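Computed from a predicted structure; not experimentally measured.
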Amino acid sequence: MDFTHFDENGNAIMVDVSSKDTTQRSALAYGEIYVGKEILEKIENHQMKKGDVLSVARIAGIMAVKKTSDIIPLCHPLLLSKITVDFNINHEKEVIETYCKVKCLGKTGVEMEALHGVSATLLTIYDMSKAVSKEMEIKNIHLVSKSGGKSGDFKWQEK
């Protein structure tokens, strides 16, 4: 079996993308955190002692996207064009849904960046809310869609 991240001697390597075409690439990732009614109300009413949870979480997600290649081994550093982190509050499920979209003009995709952004955003919500309750659950982190590159487009299909 030919591995892409190992040379002929079994040494870890970064994949050479120099011969790949530069194309517009984008990725959208999703994740959610169950926080419960009390935390949800405190976040919405800006009553959390640590401050504006969603604003801080958004900044954490953006910062994480920019540092993905420092965290994920052999991941290429990218010149990113756009990063967005958005939220949807689902009162019925007592969940904060998070979306991270990343764009670049490059030779490799931005899926890991979007997934890393969602993860850091959700962890920040947890960190800023844990004084109220630790009974939170981060779940359903996945790639929703991606475009660009040799492998083409991808769209998540609910199972």
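With hydrophobic clusters built from ILVMFWY side chains whose heavy atoms lie under 4.5 angstrom apart, Ile141 shares a cluster with Leu123. No single ILVMFWY cluster, assembled from side-chain heavy atoms under 4.5 Å apart, contains both Val17 and Leu74. Hydrophobic clustering of Ile, Leu, Val, Met, Phe, Trp and Tyr side chains at less than 4.5 Å, counting indirect connections, keeps Val85 apart from Val95. Put simply, Ile83 and Leu28 are part of two different groups of oily side chains (I, L, V, M, F, W, Y) that touch within less than 4.5 Å, one to the next. Both Ile39 and Ile89 are assigned to one and the same hydrophobic cluster, defined by single-linkage of ILVMFWY side chains at heavy-atom distances under 4.5 Å.
To the nearest 0.5 Å, the span separating OG1 on Thr68 from CD on Glu111 amounts to 11.5 Å. Once rounded to the nearest 0.5 Å, the distance linking OH of Tyr34 with CE of Met136 reads 10.5 Å. Atom NZ of Lys50 sits about 4.0 Å away from atom CG of Asp127, to the nearest 0.5 Å. The structure places OG of Ser69 at 7.0 Å from CG of Leu78, a figure rounded to the nearest 0.5 Å.
Ala64 approaches Gly117 most closely through the heavy-atom pair CB-CA, 4.3 Å. Across Trp156 and His142, no two heavy atoms sit closer than the pair CD2-CD2, 3.3 Å. A pairwise comparison of heavy atoms in Met14 and Pro77 identifies CE-CD, 4.4 Å as the closest pair. Closest approach of Ser147 to Ser26, counting heavy atoms only: OG-OG, 2.8 Å. The heavy-atom pair separating Gly148 from Asp153 by the smallest distance is N-OD1, 3.5 Å. The two atoms that bring Lys82 and Thr84 nearest to each other are CE-CG2, 3.6 Å, heavy atoms only.
At most 12 non-hydrogen atoms from other residues, nucleotides or ligands lie less than 6.0 angstrom from CE of Met63. Environment of NZ in Lys93: sparse, with no more than 12 heavy atoms of neighbouring residues, nucleotides or ligands closer than 6.0 Å. The local environment of NZ in Lys107 is crowded, with over 12 non-hydrogen atoms from other residues, nucleotides or ligands closer than 6.0 Å. More than 12 non-hydrogen atoms from other residues, nucleotides or ligands lie less than 6.0 angstrom from CD of Gln24.
When side chains are defined from C-beta on, Ile43 counts as touching Met48, because their heavy atoms get closer than 4.5 Å. Taking the side chain as every heavy atom from C-beta outward, Arg58 and Asp86 approach each other to under 4.5 Å. Side chains of Cys100 and Val65 form a contact here, defined as non-hydrogen atoms less than 4.5 Å apart. At least one side-chain heavy atom of Glu113 sits less than 4.5 Å from a side-chain heavy atom of Cys75. You'll find the side chain of Val102 reaches within 4.5 Å of the side chain of Leu80, heavy atoms only.
Of the listed residues (Leu122, Thr121, Thr98), just one forms a side-chain contact (heavy atoms from CB on, under 4.5 Å) with Ile138, and that residue is Leu122. Between Val53 and the options Ile96, Thr124, Ile125, a side-chain contact (heavy atoms from CB on, under 4.5 Å) holds for only Ile125.
Using modelled atom types, one side-chain atom of Asp7 and one backbone atom of Asn9 make a donor-acceptor pair closer than 3.5 Å. In this structure a side-chain-to-backbone donor-acceptor pair under 3.5 Å is present from Lys146 to Gly152. Side-chain atoms of His46 do not come within 3.5 Å of backbone N or O of Asp52 as any donor-acceptor pair.
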Trace of the side-chain contact (heavy atoms from CB on, under 4.5 Å) decision for Glu38 with Ser133:
CA-CA 9 Å; Glu38 182 182 8; Ser133 173; 5.6 Å; no
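Judged by distance alone, the side chains of Glu32 and Tyr30 do bring a donor and an acceptor atom under 3.5 Å apart. Side-chain contact annotation: Thr108 with His76, donor-acceptor N/O pair under 3.5 Å absent. Looking at Thr23 and Asp21, their side chains never bring a donor and an acceptor atom within 3.5 Å of each other.
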